[in-house]
Amino acid sequence: MKIKIATEFSSTPGARYREDGPNSGEEFFERILDSAYKRAIEKGELLVVDLDGTEGYATSFLDEAFGRLSSKYGAESVLKNMTIISNDEPDWVEEIISYIKEPR
Amino acid sequence: MRKMLLIEKKIYRQRAKRNKWKKLENQKKNSQRKSERRAKQKRGRTDKPKEITVPVVFSMQENINEVVQFFQSITNLYKLNIRSVFFDFKKVEKISNGAITILLSHIGWLKDKGIDSIGCYPENADAKDFFVKSGFLDFFKTIGLRKYEKTQNAIIARGQVHIDAELTAKFVRQVSKTVWGFNEKNQKLQGMLIELMANTVNHAYIKSKHQRGWYFSVNHISEESRVKFCFVDNGAGILNTIHKKFGEKISSLIGITNDKDVLQRAFDGEFGSRTRLSNRGRGLKAVKKTFESGHIKNLKVLTNNILYDFDKKESIEITENFHGTFYFWEIDKTCNT
């Protein structure tokens, strides 16, 4: 199962919280990522999150979205059931893994 | 025994009634006092604008101490009972984007305090040209100024937008056009800008003591394929925020007490990882990473009384305290896309 942020959420992701402005990490988690992860688990599939094609990401967006996913389902489960594609900026994969391993 | 209880209950009810009445009376008195105080303040306000002379070299890079001192004098204005300030630019010979962006942020702060700002243009032709084309005047009503050529230079402020990644992306693409000649995204720059805006919105303010807002300016120097950026907030400043948050714990957390070191460690993300408060620290770390990966150059940060130059890895202590945080950086063809 695959979600592409640029087409399914926004090509201009914002900051951390909804109150910061539109297209926040909080909104992405609540509207897309959480339910997609649940569906992937139910189907026994790997969730592929594609970061490419956007104008760029703030670390606060990634931290909020993936950190919350990790807090909710546990780092081990998320690392086992999800994979990240980021050809535009390969650094983000490592960055996100660190947010998953050390959620807020 | 039963009779006693009934009397006690009656006394209790009477006391409660009396206390309630007293409370209402006090509230009435307090609100009267407040409105009297406000009216008195208004009556005492002087109509004559307070004149402030802008430094001749109005540049953060070339005249930092005098310029910061000038901003400090603006910060003290709210203590005076004035309605307006007149900024005298007449003798100004040089203006930098950073200085006018900070000035704009201070003017916003004065406005919040009910103080209007007016001013005049510099007599020096180059300074006037820079002043007019910077985007500064978009925030004011202008008199006696002929229609000027619209440039890509701009200053945006929170209030016009909150964090609008779409608008930021538009600015970023214009930057790519000036520097590399094509309308292309720059994901690292985009991420850094959102980070700075978010950092300001979430962490820069201690209660309502400071103006909530940020000002961001871009200055395109097309002939050199170079763009200069400034970002400023009038918050508490990084160092004051850290001191307020961690106080005496700083030395036990990271083993240092020197402000220069504290600032450098803040950009290393130490206050996020060591305190497990991850959202406090990752933003600053991301700014440093964008510089280290060569996507931006000549990054300087002024906060409170420390100016940190990322190129030279050097901190300078300035004489006056700067209220807030000021970032300056550049992008040219030598930077990574």
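Chain letters run A, B, ... following the sequence lines, proteins first, then strands; residues in each count from 1.
A salt bridge links B:Lys188 with A:Asp91: at least one charged nitrogen is closer than 4.0 Å to a carboxylate oxygen. Salt bridge A:Arg16/B:Glu195: absent, no basic N to carboxylate O contact under 4.0 Å.
The environment of CD in A:Glu45 is crowded: more than 12 heavy-atom neighbours from other residues, nucleotides or ligands sit within 6.0 Å. For A:Lys4, the NZ atom is densely surrounded, since the number of other residues' heavy atoms within 6.0 Å is greater than 12. Enclosure of atom CD in A:Glu89 by more than 12 non-hydrogen atoms of other residues, nucleotides or ligands within 6.0 angstrom is indicated.
A:Ser24 does not touch chain B: none of its heavy atoms, backbone or side chain, sits under 4.5 Å away. Heavy atoms of A:Asn23 lying under 4.5 Å from chain B are absent altogether.
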- Given salt bridge (Lys or Arg N to Asp or Glu O under 4.0 Å), test B:Lys285 with A:Glu95 step by step and report yes or no. CA-CA 12 Å; B:Lys285 197 178 168 188; A:Glu95 199 78 21; 5.7 Å; no
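Tested against A:Glu55, the residues B:Lys185, B:Arg173, B:Gln187, B:Lys170 include a single side chain to side chain donor-acceptor pair (under 3.5 Å) partner, B:Arg173.
Closest of all the heavy-atom pairs between B:Ala165 and A:Thr12 is CB-O, 3.4 Å. The heavy-atom pair separating A:Ala15 from B:Ile163 by the smallest distance is CB-CD1, 3.8 Å.
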